[in-house]
2 protein chains.
Amino acid sequence: MSTAKRNTWQREAVRKALGSTEGFISAQALHSSLRDRGSSIGLATVYRTLSALADEGDADSLQSPEGEALYRACTSAGHHHHLICRNCGLTVEISADEVEEWAQGVAAANGFTQPQHIVDVFGLCASCSAGGGGAEHPIS
Amino acid sequence: MSTAKRNTWQREAVRKALGSTEGFISAQALHSSLRDRGSSIGLATVYRTLSALADEGDADSLQSPEGEALYRACTSAGHHHHLICRNCGLTVEISADEVEEWAQGVAAANGFTQPQHIVDVFGLCASCSAGGGGAEHPIS
DNA sequence: ACGCTTTTGACAATCATTATCAATAAGGCG
DNA sequence: CGCCTTATTGATAATGATTGTCAAAAGCGT
């Protein structure tokens, strides 16, 4: 085939790094993480690979409130959501049965089918709240 | 008061332009639109005003998949979410008191403060469902 | 009308992301 | 096994949206 896809260690590195990451991570952060671990992978490659993974369906992506694209390894298994500290990046997995039902219900009530939902909560974790970063202004 | 808010024609222009716009529009597009109509308003002012309107609850904003911030005149006061057809772009405002409470609760339970949440539901609206395009690939 | 402050607006700065393009390396084939 | 074709990489420039800067230009109370 002309559209051959080659196996490179970079692609594997991104896939592995994404897989071993809890919750969502930005392309920039993933690149930094890889660099910190000694990888000499380039930033552009991380972007390209993440985008490719998302296209292939091996990763999910969403936009953070700040407008960054966040990626997550696609675990076709359990569906769950995340509570993410927007200061230190701490991520907590949360289950959301109520929200699942609500999403289905509200979609159906408006005649929508094939509902997918993006439900993620960003905030400041206990440490960061205490740490005195209080100069923030509530956004919403 | 030192923090007085003044009435300027620019603010009114943005408010009016936003109000007479169907659906969501980007800050850049709104600025172009105003300029086309002869207004000499500055781009930075449009950004500032839209951001202010969003803060005051007179407009709501969401991130387009391309990462742009989109704004729309807020018809229902207060905080709410969106149900978006991923085929035709139809957007329905939805209220989500249950989800609000849930988000607050789960954040608090984990020691998080200043919770913001992203709760948006994508799907196919009634027309598009009927239209029979189902060749989509489910993301989640 | 005056003066104090907010607000504006042109432009620079910043941030994430994408395009560019020469150099590299993967994989097939002889 | 080594060569050749070509997908892929990666440093950097380019892009595009958004925010910061700051002098100049209005508001609003007096």
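Throughout, a chain's letter reflects where its sequence line sits, starting with A, and its residues are numbered from 1. Both backbone and side-chain heavy atoms feed into the values below; hydrogens, waters and symmetry mates do not.
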Enquirer: Restricting to side-chain contact (heavy atoms from CB on, under 4.5 Å), what partner residues turn up for B/I25, sequence neighbours left out?
Expert: B/L18, B/T21, B/A29, B/L30
Enquirer: Using C1' atoms of five pairs at each end, report the bend of the helix from C/dA1-D/dT30 to C/dG30-D/dC1 rounded to 10 degrees.
Expert: 30°
Enquirer: Specify the residues of residues 30-46 of chain B, ordered by number, for which at least one heavy atom lies under 4.0 angstrom from an atom of DNA chain D.
Expert: B/A44
Enquirer: Roughly how far apart are B/E68 CD and B/L62 CG, rounded to 0.5 Å?
Expert: 11.0 Å
Enquirer: Taking only nitrogen or oxygen atoms into account, show me every contact under 3.5 Å that the protein makes with nucleotides 13-16 of chain C, one pair per line with its distance.
Expert:
none

Enquirer: Atom CD of B/Q63 to atom P of D/dG16: distance rounded to whole Å?
Expert: 18 Å
Enquirer: Identify whether A/L34 and A/L53 are in the same connected component of the hydrophobic contact network (ILVMFWY, side-chain heavy atoms under 4.5 Å).
Expert: yes
Enquirer: To the nearest Å, how far apart are B/L62 CG and D/dA17 C1'?
Expert: 16 Å
Enquirer: Could you check whether any side-chain heavy atom of B/F112 comes within less than 4.5 Å of a side-chain heavy atom of B/V106, counting everything from C-beta outward?
Expert: no
Enquirer: Has A/T49 got a side-chain atom pairing as donor or acceptor with A/V46's backbone, closer than 3.5 angstrom?
Expert: no
Enquirer: Under the side-chain contact (heavy atoms from CB on, under 4.5 Å) test, which residues partner B/E66, sequence neighbours left out?
Expert: B/S64
Enquirer: Output the rounded distance in Å from CD1 (B/I25) to C1' (D/dA17).
Expert: 15 Å
Enquirer: List, one per line, each side-chain donor-acceptor pair under 3.5 Å for residues 6-14 of chain B, sequence neighbours excluded.
Expert:
residue	atom	partner	partner atom	Å
B/T8	OG1	B/R11	N	3.2

Enquirer: Just jot down the side-chain contact (heavy atoms from CB on, under 4.5 Å) partners of A/Y47, sequence neighbours excluded, or say none.
Expert: A/A27, A/Q28, A/L43
Enquirer: So, for B/G19 and B/A73, which heavy atoms are closest and what is the spacing to 0.1 Å?
Expert: CA-CB, 3.9 Å
Enquirer: Side chain to side chain donor-acceptor pair (under 3.5 Å) with A/E101: which residues, sequence neighbours excluded?
Expert: none
Enquirer: Taking all non-hydrogen atoms of both residues, which atom of A/D60 and which atom of A/F24 are closest, and how far apart?
Expert: O-CE2, 4.3 Å
Enquirer: Calculate the interatomic distance between A/R11 atom CZ and C/dA25 atom P; express it in whole Å.
Expert: 17 Å
Enquirer: Shorter than 3.5 Å, N or O on both sides, protein versus nucleotides 22-28 of chain D: list them out with atom names.
Expert:
residue	atom	partner	partner atom	Å
D/dG27	N2	B/R6	NH2	3.0
D/dG27	N3	B/R6	NH1	3.4
D/dC28	OP1	B/N7	N	3.0

Enquirer: Rounding to a whole Å, what distance do you find between B/L50:CG and D/dA17:P?
Expert: 14 Å
Enquirer: Scan for side-chain hydrogen bond (donor to acceptor under 3.5 Å, both in side chains) pairs involving residues 33-46 of chain A, sequence neighbours excluded, and state none if there are none.
Expert: A/S33-A/R37, A/T45-A/R48
